Amino acid sequence: MGLCNVSPNEATVTAVARLAAASGDGDKAFELAKGVGKNGKLRTYGPGLFCFCEMGEADKAYEVEEHMRFIGLQLEEAELIGLLKVSVEKDREEKVYQYLHKLRTSIRSVSESAAEIIQSWFGGEMATKVGLPNWDMDQVKEAILQNGGGWHGLGWLGKGKWLAQRSQIAPDGRCLTCGEQLVCVDIDRAETERFAESVASLAMEREVHSNFKEFQDWLEKHSDYDAVVDAANVGLYQQNFAEGGFSIPQLVTAVKELHSTSNKWPLVILHNKRVHALLENAGYRELLEEWINEKILYGTPFGSNDDWYWLYAAVKHKCLIVTNDEMRDHIFELLGSSFFARWKERHQVKYTFVKGEIKLLMPPTYSVVIQESGKGSWHVPLAGEVVEESSRTWLCFTRQTSCESDNKQHASVVEASRVSELDQIAAPCHSDSFTNQNGGLNGCSGLAGKRKERSPSPSPSDTSLQS
């Protein structure tokens, strides 16, 4: 093709790179891939990367990864496992730590083949030697908070031999082997700020008739909320029947339930057109006026889409959001959508009504993802079909010297509760600030999404009820 002045496309280069790698020439495979430039894909660089990994040429494999990252390619499980494997084989402890964290951000659970590689590291001599014998607990706690929970990223903690075991996690998030408490992992602080800024930017761009900046200013002055309520979603839930309409009793029930469980009133977001209609009803007027005066209710401007308001409030102030809306229409518009699913898992509270009583379906107690604790232990979930999360197998890695006292403390409790907890049917629905007092935490299955509302443009005489 070169002699004929024909430029090979990416697929052709990939095929020839595979031939080079098959003959053990990783350098040739890598050079061919680089020739494609930014048109290269994972498959283009895979032959060279895997060839270097299989031949134990760790530094060359890292060079390929660095180049891939430079041109914007995101490595997936296969590439990360290859890099982890060669790092383990070459006792590159800093790289093992790095790739374990990259796996944590890329996949939710690992295959058995990946588990074997991870176990080989923790069972090896180098893993026993590396680590800080003493560390600043305050620094570790701050790093965990900064990162959204579930990891600190400060390096190996502790010294001594690792105890590797297979375990299950109780519905409350406690490891039934070592007693470590797993957490529901949130997006980190930097991601949260970027997320909030992207929501605000898109809202102000699209909400032509609304004053989103006014809402932001209002929210800065009134931010003491643990939860935000998508009032349209709650009020219109199961109201698609003859003579059905917005149910204020459902909304009141939801607000009272949230107050009773956290001792704080939630922020209720509702269209001004709906607020005006409710104020005209003598039976609801006093309640609505009280909510407005107490800053419980915020009426979104006429012509606006209230989704932007409750989403921004929940993200900005790290609140729970009570809605059955799946928010699918936001995912492709928001910057940083890669972490949107993680945010939803940690913050969305779904609900159902049974005979007028609300049942809040709280976020899960813990995330099924690789977790690193402030004590230096690691928990790795294994992939596979599970009926209930409490039956999933996890790899539990703890330092023998650091876990002896913990084991003594937890041994009797774990042994007594192991069978009963594994047989529990209740789903792990729990939040730091909320527990359902009505026994409604029986599952986390999705329910019908909300009915979208968009009010007409306002007349000159229309005024907002935002204060």
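The structure presented is a predicted model; accordingly, all values stated were derived computationally and were not measured.
Side chains of Glu180 and Ser377: a donor-acceptor N/O pair is present below 3.5 angstrom, by distance only. No side-chain donor-acceptor contact under 3.5 Å links Tyr99 and Glu94.
The two atoms that bring Gly299 and Val275 nearest to each other are CA-CG2, 4.4 Å, heavy atoms only. Closest non-hydrogen pair, Leu320 versus Met362, comes out as CD1-CE, 3.8 Å. Taking both residues in full, the closest heavy atoms of Lys161 and Thr128 are given as N-CG2, 3.5 Å, listed atom of the first, atom of the second, then distance.
In this structure, the separation between CG on Asp226 and CG on Asn263 is 10.0 Å, given to the nearest 0.5 Å. For the atom pair Arg108 CZ and Leu103 CG, the distance stands at 14.0 Å (nearest 0.5 Å). One finds the CD atom of Gln348 at 9.5 Å from the CG atom of Asp230 (value rounded to the nearest 0.5 Å). Once rounded to the nearest 0.5 Å, the distance linking CG of Leu278 with CZ of Phe246 reads 6.0 Å. In this structure, OG1 in Thr177 is found 9.0 Å from CG in Leu163, a value given to the nearest 0.5 Å. Distance check, rounded to the nearest 0.5 Å: CD1 of Ile187 to CG of Asn147 gives 12.0 Å.
With sequence neighbours left out, His152 forms a side-chain contact (heavy atoms from CB on, under 4.5 Å) with Tyr97, Val140, Ala143, Ile144, Leu154, Leu157, Glu372. Every residue meeting the ring-ring contact (aromatic ring centres under 6.0 Å, His included) condition with Trp343, not counting sequence neighbours, appears here in chain and number order: Phe195, His347. With sequence neighbours excluded, the residues satisfying side-chain hydrogen bond (donor to acceptor under 3.5 Å, both in side chains) with Asp224 are Lys264. Partners of Glu93 under the salt bridge (charged side-chain N to carboxylate O under 4.0 Å, His left out) rule, at least two apart in sequence or in another chain, do not exist in this structure. Under the rule for a ring-ring contact (aromatic ring centres under 6.0 Å, His included), Phe52 has no partner lying at least two apart in sequence or in another chain. For Lys95, the salt bridge (charged side-chain N to carboxylate O under 4.0 Å, His left out) test picks out no residue, with sequence neighbours left out. Applying the side-chain contact (heavy atoms from CB on, under 4.5 Å) test to Cys184 and every residue at least two apart in sequence or in another chain returns Arg346, Pro364, Ser367. Judged as a ring-ring contact (aromatic ring centres under 6.0 Å, His included), and not counting sequence neighbours, the contacts of Tyr312 are Phe212. Residues forming a side-chain contact (heavy atoms from CB on, under 4.5 Å) with Glu116 (at least two apart in sequence, or on another chain): none. Every side-chain contact (heavy atoms from CB on, under 4.5 Å) that Ala164 has, sequence neighbours left out, goes to Phe397.
At a threshold of 4.5 Å between non-hydrogen side-chain atoms, the residues Val255 and Val268 count as touching. Side-chain contact between Lys316 and Ser223 is absent, with no heavy-atom pair separated by less than 4.5 Å. Using a 4.5 Å heavy-atom threshold, the side chains of Ile269 and Phe215 count as touching. Thr105 is not listed as a side-chain neighbour of Val369, based on a closest heavy-atom distance of 4.5 Å or more.
Residues Trp378 and Trp156 place their aromatic rings such that the two centres sit under 6.0 Å apart.
Side chain of Gln181 to main chain of Asp172: a donor-acceptor pair is present (N/O by atom type, distance under 3.5 Å, no hydrogens or angles). Remark: the backbone N or O of Gly158 is paired with a side-chain donor or acceptor of Arg399 at under 3.5 angstrom. Glu191 places a side-chain N or O within donor-acceptor distance of the main-chain N or O of Asp188, the cut-off being under 3.5 Å. Within the 3.5 Å criterion, the main-chain N or O of Leu279 finds a donor-acceptor partner in the side chain of Arg285. Between the Asn233 side chain and the Asn324 main chain, a donor and an acceptor come within less than 3.5 Å of each other. Under a 3.5 Å cut-off, the side chain of Ser120 and the backbone N or O of Ile117 do form a donor-acceptor pair. For the pair His222 (side chain) and Trp218 (backbone), a donor-acceptor distance under 3.5 Å is present.
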**Asked** So Thr323 and Tyr351, side chain to side chain donor-acceptor pair (under 3.5 Å) or not? Walk me through it.
**Response** CA-CA 7 Å; Thr323 183; Tyr351 62 86; 6.0 Å; no
**Request:** Give the C-alpha distance, both sets of side-chain angles, the deciding distance and a yes or no for salt bridge (charged side-chain N to carboxylate O under 4.0 Å, His left out) between Asp217 and Lys221.
**Result:** CA-CA 7 Å; Asp217 295 339; Lys221 299 174 183 176; over 6 Å; no
**Prompt:** For Arg194 and Glu197, what are the C-alpha separation, side-chain angles and deciding distance, and is it a salt bridge (charged side-chain N to carboxylate O under 4.0 Å, His left out)?
**Reply:** CA-CA 5 Å; Arg194 290 198 301 271; Glu197 289 171 5; over 6 Å; no
**Derivation and outcome, side chain to side chain contact (heavy atoms under 4.5 Å, CB included), residues Trp151 and Val183** = CA-CA 10 Å; Trp151 67 287; Val183 300; over 6 Å; no
**Prompt:** Please walk me through it: do Gln250 and Gln239 pass side chain to side chain donor-acceptor pair (under 3.5 Å)?
**Reply:** CA-CA 10 Å; Gln250 287 185 176; Gln239 297 300 304; 3.3 Å; yes
**Message:** What verdict does the side chain to side chain contact (heavy atoms under 4.5 Å, CB included) test give for Val322 and Val228, after you've listed the backbone C-alpha separation in whole Å, the side-chain angles of each residue and the deciding distance to 0.1 Å?
**Reply:** CA-CA 6 Å; Val322 181; Val228 179; over 6 Å; no
**Request:** Could you please spell out the steps behind the side chain to side chain contact (heavy atoms under 4.5 Å, CB included) verdict for His379 and Cys175?
**Result:** CA-CA 9 Å; His379 289 82; Cys175 175; 3.5 Å; yes
**Message:** Would Glu326 and Lys344 count as a salt bridge (charged side-chain N to carboxylate O under 4.0 Å, His left out) here? Give the steps.
**Reply:** CA-CA 9 Å; Glu326 294 296 341; Lys344 279 178 58 179; 3.8 Å; yes
Please list, one pair per line, the donor and acceptor atoms closer than 3.5 Å that link side chains of residues 68-81 to other protein atoms, with sequence neighbours excluded.
from	atom 1	to	atom 2	distance (Å)
Arg69	NH2	Glu66	OE1	2.5
Arg69	NH2	Glu66	OE2	2.9
Glu79	OE1	Glu76	N	3.1

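Heavy-atom contacts from other residues, nucleotides or ligands closer than 6.0 Å to NZ of Lys102 number more than 12.
Geometrically, Arg166 does not engage Trp394 in a cation-pi contact, judged by NZ or CZ lying under 6.0 Å from the ring centre and within 45° of the ring axis.
The pair Arg189-Glu193 does not count as a salt bridge, with every side-chain nitrogen at least 4.0 angstrom from each carboxylate oxygen. Residues Glu357 and Lys359 are not paired through a salt bridge, judged by the lack of any N-O separation under 4.0 Å between the basic side chain and the carboxylate. Salt bridge status for Glu345 with Arg342: absent, with no side-chain N to carboxylate O gap under 4.0 Å.
Among residue pairs with one or both ends in residues 119-134, those qualifying as salt bridge (charged side-chain N to carboxylate O under 4.0 Å, His left out) are Glu125-Lys129; sequence neighbours excluded.
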